[in-house]
Number of protein chains: 2
Amino acid sequence: MLGLMQDQPLLISMLLEFAERHHHDGEIVSRRVEGDIHRYTYRDLARRSRQLAQALDQAGLQQGDRVASLAWNGYRHLELYFGVAGSGRVMHTLNPRLSPEQMAWIVNHAEDQALCFDMSFLPLIQAIHAKCPTVRHWIALCEADKLPADSGIPGLQSYEAWIGARSGDYVWPRFDENSAAGLCYTSGTTGNPKGALYSHRSTVLHAYGGALPDAMGLSARDSMMPVVPMFHVNAWGLPYAAALTGCKVVFPGPAMDGKSIYELMESEEVTMAAGVPTIWQMLLGHVQGNGLKFSTLKRTVIGGSACPPAMIDTFREEFGVDVLHAWGMTETSPLGTVGTLKNKHLKLSFEQQLAIRVKQGRAIFGVDMRIVGDDGQEQPWDGKTFGDLQVRGPWIMDTYFKGECPLVTDAAGHRWFPTGDVATIDSDGYMHITDRSKDVIKSGGEWISSIDIENIAMAHPAVAMAACVGMPHPKWDERPIVAVVKKPGAEVTREELLKFYEGKGLAKWQIPDDVVFVEAIPLGATGKMLKTRLREQLKDYKLPDL
Amino acid sequence: MLGLMQDQPLLISMLLEFAERHHHDGEIVSRRVEGDIHRYTYRDLARRSRQLAQALDQAGLQQGDRVASLAWNGYRHLELYFGVAGSGRVMHTLNPRLSPEQMAWIVNHAEDQALCFDMSFLPLIQAIHAKCPTVRHWIALCEADKLPADSGIPGLQSYEAWIGARSGDYVWPRFDENSAAGLCYTSGTTGNPKGALYSHRSTVLHAYGGALPDAMGLSARDSMMPVVPMFHVNAWGLPYAAALTGCKVVFPGPAMDGKSIYELMESEEVTMAAGVPTIWQMLLGHVQGNGLKFSTLKRTVIGGSACPPAMIDTFREEFGVDVLHAWGMTETSPLGTVGTLKNKHLKLSFEQQLAIRVKQGRAIFGVDMRIVGDDGQEQPWDGKTFGDLQVRGPWIMDTYFKGECPLVTDAAGHRWFPTGDVATIDSDGYMHITDRSKDVIKSGGEWISSIDIENIAMAHPAVAMAACVGMPHPKWDERPIVAVVKKPGAEVTREELLKFYEGKGLAKWQIPDDVVFVEAIPLGATGKMLKTRLREQLKDYKLPDL
């Protein structure tokens, strides 16, 4: 027997219509690529998104066609989010940090029909446009009079002229909520990028989950700054959660230095901001260096990589700002876990709370997770046992766009996405990433965290960078060694560094067998260590006991 | 093109599995019908709900079969919520305040297969059981040794014996998320009761919406007390929102007096509670009368009927407790609007904020609303213009169970549920109920609120009760008159009362044409004024100018 409730699909246009009707004068403030501050409201956003939808109709784009963006965080990018997806096309955000070759590969794989870009990326567009035959419309996100006389891009149009000619008199279409809405490619360290294709349903459910008090706790009382880029997994879904709540939105544009971020936070009374640790480090540096304070900021959500405990401490102790760790990835929309506390933790001391806050957090309703051993069996939630982290839920990916399905099925028939992370989960459900699966060292049936070994080496005053890898061993399968780059002018010996590991919380068998001094650790475009390349460099290396 | 995200239906069992896995030791505390305090965890709840599902399987109940409850707020009732719906049956909550005749009518209309009741309702069950032939299983929510030797109910079983024989080794079934999950009947003042049939999808989406910071703001840091009965529109969805967040739950059982509620709030460190104004009035009376204070309570959600501004004031000024008005009805699951403030209101004075807080609130994402005039056209959101309130969304009813579809379709094809309330909506989206549609007085093309007229009369020291109705008028269609019951021993004349209306914010044409003194106003079972019966009593009445 079916329930007799209204049949209403969960569509991204529903978010925009809600914001327009119920929060029409909610502010959206953007620092533009041009440098000035632009401000308008959800009502303006809705009207211009409808104009964009009409322009896409006029351009002959079909339902499901991909429209790419190459843009900073700002109101025009937000219009693309709603206008492209709301009208039934697929919003494909490109990461400007990729090389021109990678970008052209992705545009061709996605078969993008249109590409909209901030003028600061014109050189990149000039480098790729000839290699992207599927793109029929090149749109510069600017006024018509800002278009260069000879851009070198045939048929280049200004966004303002393109949408400005439309009436805005448009009704959002209704279609299956499982239709594709957004496309993001992962920037893997090996192999070609792979695309995660989000649906309207997954996006709206993710917005509900992300706004919950146990996640980012977003409301109409917030002034929210997404510092995380909109080309990075949809700025963690914040643009959608913003429309769901009608909160004020403050976009930093391309000015990501500490001073610019701080001044915008203060002038726009930002209460909540989200981004990666490096940005917060720059912001803290500016604030501390100039004896400033945060007048309105109440909490920050930090993801992308682990936040140093000292930073959580400083934000909270010195500035009264709550820091929430979050974890996710392109394939998880991205929100999987957030480090909000539970009722039982509220009476703990700050130090005891910090031990929970440094973990990646607990699952948001909608996400389930587990850790499994080499045999695929679920591991205990004891905060100690390592396992491969797997997740499932309505906003977790099933199959890569034009690609394979990586899911594994358990005995109960549940299908899990293997994240490639190795983690522990404690009895309260807080997950702690200890390694990437491909980097964890498996020694004598036990797993050793390469990250733990690297962190200890990095704490030595003479060490600039450290990378831990497993080396083949006939008896133990693998044994860890650590490759170290010394700071300029600093000295430390192999023996001193191995001795430095004692008393740091590692069991004897977890301490690396050897230290190898190197000139440099190979890094990828986004600053991640390329351990496969390091292992290639060390292919002739032999462990001391062999 | 469809998105490639995991296909996972939104099922009520997903809420319970989440709570069990991620909040296994979260507490559920109940004051039992027996008078003692019972406490256990989400893990216990999940195990016993699975045992219940097995008992239902064993009893031969099919997918979609209805299981009725007649019970107070407590852990066994919560197990029914999850075990009945999670296993694919339909949870049908009966309101014990109905007469035996009404109750038997509803049980027969719903074709309930089983009926589970608290022992305090045994006399009611004895009165109806012979009239309910569809009920094959009568289950008393108690231990086997608490069953009376001769209950008069053939085959009566104890719940504990019934589920205790099962292993709890059960996997929740997976089915269409649009399947029926819950059934509640409206207690209309005229005609037979009508059933709203909720689906798993509508229930889970409603739980997301209800937990948002702009609604009830529920998190794992809360200790939440649903004072609103679980037989009253699923306690506003709080049992589901609780599992979604893993918050502590504190059930008051049948002890609804101020002292019992207060003591349980204090001992269980309740942070958030929800209920109707009369309960809060009793609670405030106890707290003020004994010079007490609230140690942990931070906010209350008040619905069911309008909360007097003075009560909002007292809670906030005297006790630092935030009062949120909410509006909804059986057909809306029930949450439609909540009176949370917006960013722009935070700098207003307390008096200015109070003017917003006394309204019924603004829409939660998932709900859209509008007000329409007699011609069906949408009315402006100016906070002044009256209109019939209509709502739509994925947790708003489409068609009554075995009944008619009351929806109306607008020009854009949107289908709206007519609430039967008359309201204004202001430019910020805050809705204010001014009347029931059938009670509003339509005079000379303008609408007059019967509630406004009653409230002014009630403010007169000599008036015990007042009911305003419209009387036919050849020129104005209708004109308002007010029927008044005087307080014992108090005196007031028609002329004095009409004069009392001057300077109270009404336009001259909104002041009633006449005052009729009566012995009593006819009331329904739940205390609502029966204006149809009052109009019958006044059928020979003539307006003064006719």
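Below, read A as the first sequence line, B as the second, and so on, with proteins coming before strands; counting in each chain starts at 1.
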Visitor: Nearest 0.5 angstrom please: A:His206 NE2 to A:Ile396 CD1, how far?
Guide: 8.0 Å
Visitor: Counting a contact as any heavy-atom pair under 4.5 Å apart, which residues of residues 405-416 of chain B contact chain A?
Guide: B:Leu407, B:Arg415, B:Trp416
Visitor: With respect to chain B, which residue among A:Gly182, A:Ala196, A:Gly366 yields the maximal number of heavy-atom pairs within a distance under 4.5 Å?
Guide: A:Gly366
Visitor: Name the region of B:Asp176, side chain, backbone, both or neither, that has any atom closer than 4.5 Å to a heavy atom of chain A.
Guide: side chain
Visitor: Given heavy-atom pairs under 4.5 angstrom as the criterion, report whether the side chain, backbone, both or neither of B:Leu346 touches chain A.
Guide: side chain
Visitor: Tell me, for B:Asp222 versus chain A, whether the close heavy atoms (under 4.5 Å) come from the side chain, the backbone, both or neither.
Guide: backbone
Visitor: Could you report the tightest heavy-atom contact between A:Arg89 and A:Asp65, atom names first, then the distance?
Guide: CB-O, 3.3 Å
Visitor: Return yes if some donor-acceptor pair links the side-chain N/O of B:Asp398 with the main-chain N/O of A:Gln6 below 3.5 Å, else return no.
Guide: no
Visitor: With only heavy atoms counted, which part of B:Thr245 is less than 4.5 Å from chain A, the side chain, the backbone, both or neither?
Guide: both
Visitor: Check each atom of B:Val204 against the heavy atoms of chain A and say whether the ones under 4.5 Å are side chain, backbone, both or neither.
Guide: side chain
Visitor: Between B:Ala181, B:Ala211, B:Gly393, B:Ala363, which shows the greatest number of heavy-atom pairs under 4.5 Å with chain A?
Guide: B:Gly393
Visitor: Please determine, among B:Trp381, B:Tyr198, B:Phe417, the option with the most heavy-atom pairs under 4.5 Å with chain A.
Guide: B:Trp381
Visitor: Is it true that, when you exclude A:Asp169 itself, more than 12 heavy atoms of the residues, nucleotides or ligands shown sit nearer than 6.0 Å to its CG?
Guide: no
Visitor: Which atoms form the tightest heavy-atom contact between A:Ser219 and A:Cys247, and what is the distance?
Guide: O-CB, 3.2 Å
Visitor: Pick whichever of A:Leu183, A:Val171, A:Leu218 has the most heavy-atom pairs under 4.5 Å with chain B.
Guide: A:Leu218
Visitor: In the structure I gave you, are the side-chain heavy atoms of B:Met369 and B:Arg392 within less than 4.5 Å of one another anywhere?
Guide: no
Visitor: I'd like to know which of A:His345, A:Glu269, A:Glu331 tops the heavy-atom pair count under 4.5 Å against chain B.
Guide: A:Glu269
Visitor: Looking only at atom types and distance, does a side-chain atom of A:Thr296 sit under 3.5 Å from a main-chain N or O of A:Val270, one as donor and one as acceptor?
Guide: yes
Visitor: Taking B:Arg221, B:His24, B:Gln8 one by one, which has the highest count of heavy-atom pairs under 4.5 Å against chain A?
Guide: B:Arg221
Visitor: Could you give the distance from OG1 (B:Thr399) to CG (B:Leu197), rounded to the nearest 0.5 Å?
Guide: 10.0 Å
Visitor: Would A:Asp214 and A:Arg362 pass as an ion pair if we require N to O under 4.0 Å?
Guide: yes
Visitor: Does some side-chain heavy atom of B:Pro394 sit less than 4.5 Å from a side-chain heavy atom of A:Met5?
Guide: no
Visitor: Would you mind checking which part of B:Glu27 comes under 4.5 Å of any heavy atom in chain A, side chain (CB onward), backbone (N, CA, C, O), both or neither?
Guide: neither
Visitor: Side chain to side chain contact (heavy atoms under 4.5 Å, CB included), that's the test. Do A:Lys248 and A:Glu268 meet it? Break it down for me.
Guide: CA-CA 9 Å; A:Lys248 177 173 175 176; A:Glu268 300 302 331; 2.8 Å; yes
Visitor: Give the C-alpha distance, both sets of side-chain angles, the deciding distance and a yes or no for salt bridge (Lys or Arg N to Asp or Glu O under 4.0 Å) between A:Asp368 and B:Arg21.
Guide: CA-CA 8 Å; A:Asp368 198 1; B:Arg21 283 178 68 81; 2.9 Å; yes
Visitor: Which bit of A:Gln62 is near chain B, if near means a heavy-atom gap under 4.5 Å: side chain, backbone, both or neither?
Guide: neither
Visitor: Taking the six-membered ring for Trp and the single ring otherwise, decide whether the centroids of A:Tyr208 and A:Phe365 are under 6.0 Å apart.
Guide: no
Visitor: How close do B:Leu4 and A:Phe401 get, heavy atom to heavy atom, and via which atoms?
Guide: CD1-CA, 4.0 Å
Visitor: How close do A:Gly209 and A:Ala215 get, counting heavy atoms only, and between which atoms?
Guide: O-CB, 3.3 Å
Visitor: Can B:Val90 and B:Val84 be said to form a side chain to side chain contact (heavy atoms under 4.5 Å, CB included), step by step?
Guide: CA-CA 6 Å; B:Val90 178; B:Val84 169; 5.7 Å; no
Visitor: If the threshold is 4.0 Å, N to carboxylate O, is there a salt bridge linking B:Asp426 and B:Lys359?
Guide: yes
Visitor: Check each atom of B:His200 against the heavy atoms of chain A and say whether the ones under 4.5 Å are side chain, backbone, both or neither.
Guide: neither
Visitor: Is chain A contacted by the side chain of B:Trp395, its backbone, both, or neither, given a heavy-atom distance below 4.5 Å?
Guide: both
Visitor: Which region of B:Tyr400, side chain (C-beta onward) or backbone (N, CA, C, O), has a non-hydrogen atom less than 4.5 Å from a non-hydrogen atom of chain A, or is it both or neither?
Guide: backbone
Visitor: Report the option among A:Pro213, A:Gly217, A:Gly429 that has the most heavy-atom pairs separated by less than 4.5 Å from atoms of chain B.
Guide: A:Pro213
Visitor: Mind checking which of residues 9-19 of chain B sit less than 4.5 Å from chain A, heavy atom to heavy atom?
Guide: B:Pro9, B:Leu10, B:Met14, B:Leu15, B:Glu17, B:Phe18
Visitor: List the residues meeting side chain to side chain donor-acceptor pair (under 3.5 Å) with A:Asp7, not counting sequence neighbours, and say none if there are none.
Guide: none
Visitor: Which atom pair, heavy atoms only, marks the closest approach of A:Gly195 to A:Met397?
Guide: O-SD, 4.3 Å
Visitor: For chain A, which of B:Arg370, B:Lys344, B:Arg201 has the most heavy-atom pairs under 4.5 Å?
Guide: B:Arg201
Visitor: Distance check, rounded to the nearest 0.5 Å: A:Lys342 atom NZ versus A:Asp428 atom CG?
Guide: 4.5 Å
Visitor: For the pair A:Thr271 (side chain) and A:Ser223 (backbone), establish whether a donor and an acceptor sit closer than 3.5 Å, ignoring hydrogens and angles.
Guide: yes
Visitor: Please flag which part of B:Arg174 lies under 4.5 Å from any non-hydrogen atom of chain A: side chain, backbone, both or neither.
Guide: neither
Visitor: Give the ring-plane orientation class for A:Tyr185 versus A:His92, where under 30° counts as parallel, over 60° as perpendicular and anything between as tilted.
Guide: tilted
Visitor: What parts of residues 333-340 of chain A touch chain B if we use heavy atoms and a cut-off under 4.5 Å?
Guide: A:Ser333, A:Thr340
Visitor: Apply side chain to side chain contact (heavy atoms under 4.5 Å, CB included) to residues A:Arg66 and A:Glu111 and explain how you reach the verdict.
Guide: CA-CA 7 Å; A:Arg66 271 76 69 203; A:Glu111 301 171 69; 3.8 Å; yes
Visitor: Pick whichever of A:Leu205, A:Leu212, A:Val367 has the most heavy-atom pairs under 4.5 Å with chain B.
Guide: A:Leu212
